[in-house]
Each structure stands twice: as structure tokens, then as C-alpha cells.
Engineer: 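Have a look at this one before I ask anything.
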Amino acid sequence: MRGLFSSSLTTLLNWKIQDGAVYLEVKRTLAEKLADIVYVITGERLEETILRDLSPSEYGDISTTIAFKLAKTLKKKPIEIAESIEKEISDFVSCYPYIERIDRIGPYLNFHLSHAYCIEILSRALKEGCEYRKGFLGERGKVIIEHTSANPDGPLHIGHVRNSVIGDTLSRIFRWAGFDVETQYYVNDMGRQIATVVWGLTRSELKIENNMKPDHAIAKVYIEANRALNKEEVDEIMRRVEGGDRELFSKVRYVVDMALDGISETLERMNIKIDSYVRESSCIECGAVDEVLKRIEQLDQAFIEDGALMLNLSEFGIEKPLVLRRGDGTSLYATRDIAYHIWKGRRCDRMIDVLGSDHKLIASQIRVVLTLLGEKIPEVVVFEFVTLPEGSMSTREGKYISADELMDKMVSRARDEVEKRHPDMSEDMKKSIAEGVGIGAMRYDMVKISPDKNMVFNWEDALDLEKLGAPFIQYSHARACSILKKASECGYDALHCDTNPSYLKEEWEITLMKKMGELDSVLDRCLWELKPHHLAIYGRELAEAFNLFYRFSSVLKAPAGIRESRLSLVQGAKNVLYVVLDLLGIEPLEKM
RNA sequence: GGGCGCGUAGCCUAGCCAGGAUAGGGCGACAGCCUCCUAAGCUGUAGACCGGGGGUUCAAAUCCCUCCGCGCCCGCCA
């Protein structure tokens, strides 16, 4: 490590990055070393994680409280154990370049990352650019992520938005880590909702308004049809559609396509791309539903009651029997979903479903049935409901706030802010910044909260762009871009300038580089827990670290030498900010 | 009634699965900082018996039990 700075002037871009020079690797190395030491002392292998991230903390970067845990089995004082572990590991640390030192405070052992580690991180951020840490888990196989899957009976509302944003962010993280990701939207075109819309259109007073966005027009028909509902007639439509009535099915198709047109337009504006829309009806058409019903009939848990095929799942803690075929021979949502999952499961290594909490029971029923059939089971990401202050949303009753309305309002609010700051900017520029800020703010607010928290939507909070959210992170990125732009106008090249890493020794510079290094560890946690909110929080912390650097270290006005070093740090930080924004599906604006 | 989830300052939230060092943030409030690379920024102050009670432990926001409050579910709906 001493040799690392021997040639004082070099470009960080040409720095040879050492294997293992990333936060995840450093932690893994330390954990293994500690486990070895504990094995020597106790004769037992550690199963659990023994390292904690401290960042940010005055104590150090990584710590362990292993000495407490061993106190009982070894019948010794924690401090004594910590002392002996410290003694054992210090030899290793002295020749390991990425840990500068260990502090022992009482029984706590705290590790401090070295400056060499920081420089390796920076060098990597410069070299890998906007692909920083891409593929950090290596080839991981194919994963199908199903999200959104809203019924095509109206526009996406803010509850669906939560689903879409969680699903899309997870998809981006999986892809970044090294998975081959396919996103799917399961289209419910065989359900009662769509039959209701089709039934509504048979009534002369109900028409699709063609001056409305198509998904909103469908919702209007759906809401009004529900007011005058004739259940028997809707049942008849469902029977005929499943029975293969081509004419009726083409009406279903027409309605569903209209709704999907509107929905996909909304998703596109949210920066979300669905790889494939899989129609429920295709599971029936291709015979998959009949096939799965035949297999289910063979199960020990299967029985017929009143002509309906049911499964007794009580041995799995599910009291009510699950109905899979009605007396009249038609299938149910669960049946078709099982067929869909069998089809999906055979096309990937992992499948992940993002579902609202109302689907918890059905999801566990489906998992049980798939297990009984010996098929792959999905991993389920459940998120709790988004409600309005006055209560739950309902498309059927027309009680909802649509994604379109929310985006319009947020973009318009962002537009006001742009106008305030840059009255002379071109129209196109104002418009695109407002769009990036407004949509980004919406996405951030949806993903920043842990999925298992209920959310009560309120306009005042949603439209507040001043709080720490997407605009804050975008702003840091834009600031970095602004410095880089000015630098290149002055003839400085952030990538190829000679840099002396020893100039980057200020506290806030070190903090920033360490924060940049945490990305893979954060993404790893998101993947492990299937919760993307950790990334949102990390983005905010990274932006905070950059803003502090910006505040205390002047770049362009710094003396030559220091200037180049800081410029490379701006470039590196900008790259990491870019990656984080990109993973969050938020526009990395260069000016705002 | 049963199952699952949630309950952290006036409001929103991280930490809980893998228990440890002064419980992190944000909004709002109050007080400061633009002759200096974007003030959508930075700094400081006030504000928390981590829903209540019990238990386990040297140590509990975190684990266990119980009660209370909120949400979702318990359809031959999707």
C-alpha cells in the first residue's frame, strides 16, 4: 500500500484497480478473517453476520460487537476477548491495504477504511463511468418480474403507481446486478370487471367518449355500468367469452386494448417499460387452464362440491377451501393465475411478483398449489395500500387520484419553480426540466417509503418539491455537471488530468468517496430484501455528501494540482449520482 | 371472530429479520450564510418516556407474551 502513491502524478483513469477493491468485498474479507479468528478461539464457525455498517459515524466505518457474543461461551470479559481478537487481526490489517486501522473502544472493534480504498473507489468511478458497478454480482440467470398488472378497467391510480415504481426500480437493480430481467404485466382480460364494461356498452346510454384519454374513457363506462349492474347478464357474458364466443371476445379485446393504450402511455411517461403484456385469456386459449385443472383434479386435496372443483388447503393453515372451477365449468382468477405462473416459471430461474397487500392470501394459496404441483414458486413483494385521507380508493366507485392527474400537477409545480429560477430559459428546456423534476419527485416519493408501510396520500406533501427528494439528488448531479462543463470550457479535462490522490484528504472528500463506495452494498441489500427504498435513502445521502464537498472544497478556483484532483472527484461523484438516479428511474438532469 | 402488516418528536420517515456505544433524516417552527464553481444549497436551535404493560438478557426501538389503535384479507370477485 505504501507504493500506491509512489508515482505522485498519474491519471486516476489509468489506475490499476485491485481485485476486491469494493465495499462488499472489503466487508466479506473482514468477515471471513474474523470468522477464522473466532474459529481458532472457540472452535465454532460463525453463522450470522458480525459486521455492521457505521457510516456515517465518528467511531469508524465498520464495526463488530462479536466480543459481547463470545463472552458467555468463553466465560471471559468482553473487553478481554476484544483485546485478543484485536491482537489476532492486527497482523492481517497491517498488510491489508483497504483498512487503515482498528480502534478498540471497550469491547467494540471499529475498522477504518484507508485512503487507498477511497482512491480505488474514485478510480473505479472514473473508469466505469455511467456503468459504475454494473454487473457487480456477475451472471445471475433470468428473472421475470411481474408488476403493475392493474385491471384494464380504467387508468392507473396512485396505488398502482406505488406498485409500478417499486417493480420498475427493483427490475433496474436486478438488471444492474447482472440478472437477465424480463418485466411482465399480467392483463386481466377474463375478469368480471371487463365483462361489466362490455355489458355496459350493450346499453344504449353508455358510450366510450373519444375525446378522452382511452383508459379514462373506459373508467367512465365502468363506473356507470356498475351503477345499473345486472349480475346475471354479466355472468352470461363471462360464460360466453370463456366458452369461445368470438364476437363477444373481440369486444372484450377492443375494450382491453383501449385501456392498455392509455395505461402504457402513462407508464411510459413514468419512465417505465414493460417487456411483455401477458393476457389472461391466452392462458385459456392455449389450453393451459384445462391442463392445470386436470392436474389439480389428481391431487389428494382435491374434491368436488356442488359441481365445483375445490382444494382443501387446511393442512397449510388456509381454512377456506380454494375453488378452481365453478359448477358451470368456468375458471376463476386463481386458476388462471396458477396456469400463468407455471408458464412463467418454466421460462426463468426466478420469478418475482409485486402485489398489493390485498393479494397476500391469494398469493400464498397460489404458492401452495404450485408447490403441490411441483412447480417453481414466485417470490412475492407485498406493498401496503396507498389511501386517500377520506379512505380507500375504488375504480368502480370513481374514487381515485389517477397517475396522470398526479403527474400533471407535479410537473406543473416543477414548471413554476423553473420559471422562478430561469425566466429566460428556452421553452423546450423549461418543459423538459419540469418533466424530469416532476416525474422524478413522484417516483422518489413512492419508492422512498418501505413497502410495508401504509401511505396516506395528501396533495400538499406530494407537491412539496423543497423537501429532500428527487430534486435534491438531481440538483447535486446538475451542480457536478455545471462544474465539469465550466472546467472543460477552461480547458481542464477531468478524466485525463494528472491527479495526486494525496490532495484528496479533506474530511468531506473522504466522506464522499466512502459514500460512493457503498453503492454495491446498498444494492445488494435491496436485492436481498426485495426492497428498493434503501437505494432511495442512499441517493439522498450521496447527494448530501456531494453538497458538503461542494460547499467546502472549491474546485475551479483551487490551486493547480489540487484543482485537478478535485475535478476528478467531481467527475467520479457525478458518475455515481448518475447511476443512482438512473436506477431510480429519475432523469439525471444536467441543468436545473 | 381469525390471519397478515403497521404504530418512532406537531406531521412524514430510517433503523427491527442478524439485540449493543449519544435512536438517524426530512417537513413545519425559530436563528444565521450568496463581492465565491447553480441558495432546488449550507449551518445552528428547539422538538422522541421508539403505542401501553409484562418477560428474556450484562444490554431491548430491535427478540417473546399480552393489550390498545390503524390498514389489508377471510367471495363459485379479480
Side-chain angles (χ1 to χ4, degrees), chain A residues 47-52 54 56-59 63 65 67-69 71-72 78 105-108 110 151 153 188 190-194 280 305-310 317-328 330-334 336-337 356-362 364 382-385 387 392 414 417-418 420-422 437 445 448-456 458 460-461 464-472 474-476 478-487 490 528-529 533-534 537 540-541 543-544 547-548 550-558 566-567 570 591-592:
Chain A
E47 293 290 330
E48 54 192 271
T49 314
I50 47 171
L51 293 172
R52 293 195 313 143
L54 286 180
S57 163
E58 69 222 55
Y59 291 123
S63 87
T65 55
F68 286 106
K69 312 267 189 291
K72 186 168 279 177
I105 304 177
Y108 297 95
N110 300 322
N151 287 333
D153 54 17
N188 237 298
M190 296 300 288
R192 184 165 292 278
Q193 284 88 342
I194 296 312
E280 207 180 9
E305 192 175 292
D306 300 332
L309 173 64
M310 305 191 183
I318 299 166
E319 290 310 317
K320 297 261 170 93
L322 179 64
V323 182
L324 290 148
R325 189 179 55 215
R326 296 189 183 91
D328 65 7
T330 54
S331 63
L332 288 95
Y333 167 80
R336 300 184 297 261
D337 212 14
S357 67
D358 54 338
H359 279 67
K360 263 189 269 191
L361 176 62
I362 188 74
S364 58
V382 170
F383 67 93
E384 293 294 326
F385 267 41
T387 57
S392 291
E417 298 296 320
V418 177
K420 239 188 270 173
R421 282 160 243 258
H422 307 282
V437 168
D445 290 346
K448 74 176 177 186
I449 309 264
S450 167
D452 32 44
K453 288 261 197 192
N454 285 103
M455 285 177 81
V456 179
N458 79 79
E460 195 193 346
D461 189 55
D464 177 12
L465 300 176
E466 296 295 313
K467 65 180 190 288
L468 291 195
F472 177 78
Q474 288 169 310
Y475 187 65
S476 300
R479 273 180 151 179
C481 289
S482 168
I483 293 176
L484 294 170
K485 185 160 170 275
K486 283 224 165 65
C490 299
W528 188 250
E529 295 180 14
H533 70 289
H534 301 297
I537 291 158
R540 198 203 68 213
E541 291 170 353
E544 231 160 27
N547 282 337
L548 274 186
Y550 181 92
R551 160 80 174 74
F552 291 114
S553 285
S554 57
V555 179
L556 300 176
K557 294 192 180 77
R566 289 181 179 170
L567 201 52
V570 172
K591 189 174 164 63
M592 61 187 280

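Every chain is numbered from 1 and lettered A, B, ... according to where its sequence line falls, protein lines coming before strand lines. Just so you know, these numbers use all the heavy atoms, side chains as well, and skip hydrogens, waters and symmetry mates.
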Engineer: Taking only side-chain nitrogens and oxygens of R479(A), does any of them come within less than 4.0 Å of OP1 or OP2 of A39(B)?
Structural biologist: yes
Engineer: Check whether more than 12 heavy atoms from other residues, nucleotides or ligands sit under 6.0 Å from atom NZ of K485(A), and answer yes or no.
Structural biologist: no
Engineer: Would you say the side-chain atoms of K557(A) pair up with the backbone N or O of S554(A), donor to acceptor, closer than 3.5 Å?
Structural biologist: no
Engineer: For K453(A) and G7(B), is the shortest distance between a side-chain N/O and OP1 or OP2 below 4.0 Å?
Structural biologist: yes
Engineer: Does Y108(A) lie flat on the base of G20(B), that is, centres under 5.5 Å apart and planes under 30° off?
Structural biologist: no
Engineer: Do any N or O atoms from the side chain of R479(A) and from the backbone of N547(A) form a donor-acceptor pair under 3.5 angstrom?
Structural biologist: no
Engineer: Kindly say if K360(A) contacts the phosphate of C74(B), meaning a side-chain N or O under 4.0 Å from OP1 or OP2.
Structural biologist: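 Answer is no, no contact under 4.0 Å.
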Engineer: Among C37(B), U13(B), A40(B), which nucleotide has an atom closest to any side-chain atom of M592(A)?
Structural biologist: A40(B)
Engineer: Checking contacts here: which listed nucleotide (A40(B), C76(B), G20(B)) is nearest the side-chain heavy atoms of E466(A)?
Structural biologist: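 The answer is A40(B), which lies nearest to the side chain.
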Engineer: Determine: side-chain N/O of R326(A) to OP1/OP2 of C77(B), distance under 4.0 Å, yes or no.
Structural biologist: yes
Engineer: Stacking between F385(A) and the base of G71(B) (centre distance under 5.5 Å, interplanar angle under 30°)?
Structural biologist: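 Base of G71(B): not stacked against F385(A).
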Engineer: Does a side-chain N or O of T65(A) approach OP1 or OP2 of G19(B) to a distance below 4.0 Å, or not?
Structural biologist: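 False: T65(A) side-chain N/O out of range (4.0 Å or more) of G19(B) OP1/OP2.
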Engineer: What's the shortest heavy-atom distance between F472(A) and A543(A), and which atoms?
Structural biologist: CE2-CB, 3.5 Å
Engineer: Please enumerate all protein N or O atoms sitting under 3.5 Å from an N or O of nucleotides 31-33 of chain B, with distances to 0.1 Å.
Structural biologist:
none

Engineer: Quick one: is C74(B) close enough that its OP1 or OP2 comes under 4.0 Å of any side-chain N or O from H359(A)?
Structural biologist: no
Engineer: Please state whether the base of A40(B) and the side chain of N547(A) form at least one donor-acceptor pair under 3.5 Å?
Structural biologist: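 Not at all, since no donor on one side and acceptor on the other fall under 3.5 Å apart.
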